[in-house]
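Below is one structure, written out as structure tokens, with a few remarks after it.
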Amino acid sequence: MSGAPGSSDVLHLDALLSEEELALREKVRDFTDQRIRPNIASWYEEAVFPRELAPELGELGVLGMHLSGYGCPGRTAVEYGLAALELEAGDSGIRTFVSVQGSLAMTAIHKWGSEEQKEEWLPRMAAGELIGCFALTEPTAGSDPSSMTTTARRDGTGDDAGWVLDGAKRWIGLASLADVLVVWAMTDDGVRGFLVPAGTPGLVATPIEPKLSMRASVQCDVTFDGVRLGPEALLPAALGLRAPFSCLNEARYGIAWGAMGAARDSYEAALEYATGRLQFDKPLAGYQLTQEKLVNMLVEIQKGTLLALHLGRLKDAGKLRPEQISLAKLNNVREALAVAREARTILGGNGITLDYPPLRHANNLESVRTYEGTDEVHTLILGRYITGLQAFR
Ligand code: TGC
């Protein structure tokens, strides 16, 4: 962490990273400094997702970066986490694109797709030539995907029978820009996944506007009205909610890291401002109340980053469990939001402008705490884990 009179890496967490991990982190940090920071205020104000970033992120090697084969970078979980952190220091909306593309859409195809589906989609998605999205949430099925009403019914009989999709999805990131939609629907056999190419008749994706959060990203309403698909659209290995939930594990893992990027950027902005801004004849940073705020922020950022790294090491060892992801997603997003809000107070009135990042991060983090499992859902996943009793219903 830079920008401080002393090092803000008090715990010296960098010493826990390999040379290769540090190099990857620097590369993504440079990208954020050059491509995201100078433009994010206008993207946010104008509510645009910069589509041209997709191939640049592909070139950077962060799309489906934890996946191997089919043109994917094959990097470690820790490297993926570090990249998520650096991108979200730029903006949650840009990190969200990387998560939706890699952790959700590409992971679904990689884990559950046929050989033909993987060959067809993954190399160009890894390059950022094609965009994917992940359609699970519905207007009336958010925290409880098992209550989904989107259906897929057989269209004909025999091996060449296709499918007909009907229903609606909501809050689907990048759907209006997507070349392929991974759609989860109820069939006679339970929940199944389908690949729906953009432009298929009966498919409509409409951006949800206006939004007060994630403005440099696009979330959509999607409707399916008698969408006819061939048999090759089915993800053959995906059966039951376990399939989409296993993709959510990947995305939630990345969020635990990413949120610390938004927190660090907010903290650094507040620290820099506090050391430069004079009030009552001395820098704001020289007042005890400001120092307490800065220290409280830093304590949570260091703890949250250490937690994310611990998760990453577990994941790379093949030992990461869903309840551990829930603990980290819940804690790190909750604390990042508190840090961003506290950072804004140090900036005073200037903190409500787009000249400074904390309030933009705080607004974004309201979405981050809501998607991929709300605070309440992760609390109850942990509650079930420690008590053995489920309290969802
Ligand atoms: P439950 O009975 O617990 O489980 C059903 C089946 O799923 C399995 N499972 C998991 N598998 C892998 N990883 C996990 N984390 C899993 N959690 C559950 C489970 O073993 C079981 O498998 P099987 O084979 O025995 O059938 O299901 P439940 O309905 O009781 O679950 C309750 C709850 C609340 C935990 C679950 O519904 C949940 O996680 N809800 C939150 C949903 C959520 O996170 N939605 C986010 C949607 S995606 C999104 O927000 C996109 S944002 C990005 C963008 O597009 O912009």
Side-chain angles (χ1 to χ4, degrees), residues 49 84 88 91-108 111-112 131-148 150 169-178 180-184 186 189-193 205 207-208 211 213-222 237-256 258 311 315 320-330 333 364-385 388-393:
F49 169 73
E88 194 147 357
D91 192 76
S92 302
I94 308 302
R95 195 273 306 145
T96 292
F97 164 66
V98 171
S99 292
V100 171
Q101 178 87 346
S103 295
L104 295 177
M106 292 176 71
T107 294
K111 246 182 207 299
W112 309 112
I131 289 183
C133 72
F134 187 87
L136 176 67
T137 298
E138 300 193 349
T140 57
S143 290
D144 179 16
S146 70
S147 66
M148 72 172 64
T150 297
K169 300 285 178 180
R170 185 163 167 82
W171 296 118
I172 309 308
L174 285 308
S176 57
L177 301 170
V180 60
L181 293 82
V182 176
V183 180
W184 301 97
M186 196 60 81
D189 302 323
V191 172
R192 310 249 17 202
I208 298 170
K211 288 178 296 164
S213 173
M214 282 296 182
R215 290 178 56 79
S217 179
V218 179
Q219 284 77 34
C220 296
D221 275 310
V222 184
L239 182 56
L241 274 176
R242 202 167 61 83
F245 284 162
S246 70
C247 304
L248 294 186
N249 289 339
E250 300 293 329
R252 292 166 175 174
Y253 164 78
I255 289 170
L311 232 60
K315 193 169 190 319
L320 186 61
R321 297 194 41 82
E323 57 275 6
Q324 295 166 331
I325 301 174
S326 284
L327 188 152
K329 197 266 183 185
L330 173 65
V333 180
N364 284 337
L365 288 164
E366 291 290 349
S367 295
V368 180
R369 80 185 302 194
T370 304
Y371 69 23
E372 312 285 1
T374 59
D375 287 5
E376 292 79 3
V377 160
H378 290 296
T379 300
L380 295 180
I381 288 172
L382 287 164
R384 177 174 64 181
Y385 178 71
L389 301 168
Q390 72 92 353
F392 300 110
R393 297 178 170 85

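Whatever order the structure lists ligands and atoms in, that order sets their numbers, starting from 1.
Side-chain contact between Ile172 and Phe134 is absent, with no heavy-atom pair separated by less than 4.5 Å. A 4.5 Å side-chain heavy-atom check between Met148 and Val191 finds at least one atom pair inside the cut-off. Looking at Thr150 and Trp184, their side chains never come closer than 4.5 Å, going by heavy atoms from C-beta outward.
For the side chain to side chain donor-acceptor pair (under 3.5 Å) test, no residue two or more places apart in sequence or in another chain qualifies with Arg192. Under the side chain to side chain donor-acceptor pair (under 3.5 Å) criterion, Gln219 pairs with Lys211, Ser217, sequence neighbours left out. By the side chain to side chain donor-acceptor pair (under 3.5 Å) test, Ser147 pairs with no residue at all, sequence neighbours left out.
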For each nitrogen or oxygen atom of ligand 1, which protein N/O atoms lie closer than 3.5 Å, and how far apart are they, rounded to 0.1 Å?
| residue | atom | partner | partner atom | Å |
| --- | --- | --- | --- | --- |
| ligand 1 | 3 (O) | Arg384 | NH1 | 3.1 |
| ligand 1 | 13 (N) | Asn249 | ND2 | 2.9 |
| ligand 1 | 15 (N) | Asn249 | OD1 | 2.8 |
| ligand 1 | 29 (O) | Arg393 | NH2 | 3.4 |
| ligand 1 | 30 (O) | Arg393 | NH1 | 3.2 |
| ligand 1 | 37 (O) | Ser143 | O | 3.3 |
| ligand 1 | 39 (O) | Arg252 | NH2 | 3.2 |
| ligand 1 | 40 (N) | Ser143 | O | 2.8 |
| ligand 1 | 44 (O) | Arg252 | NH2 | 2.7 |
| ligand 1 | 44 (O) | Gly373 | N | 2.9 |
| ligand 1 | 50 (O) | Glu372 | N | 3.3 |
| ligand 1 | 55 (O) | Gly173 | N | 2.9 |
| ligand 1 | 56 (O) | Gly173 | N | 3.3 |

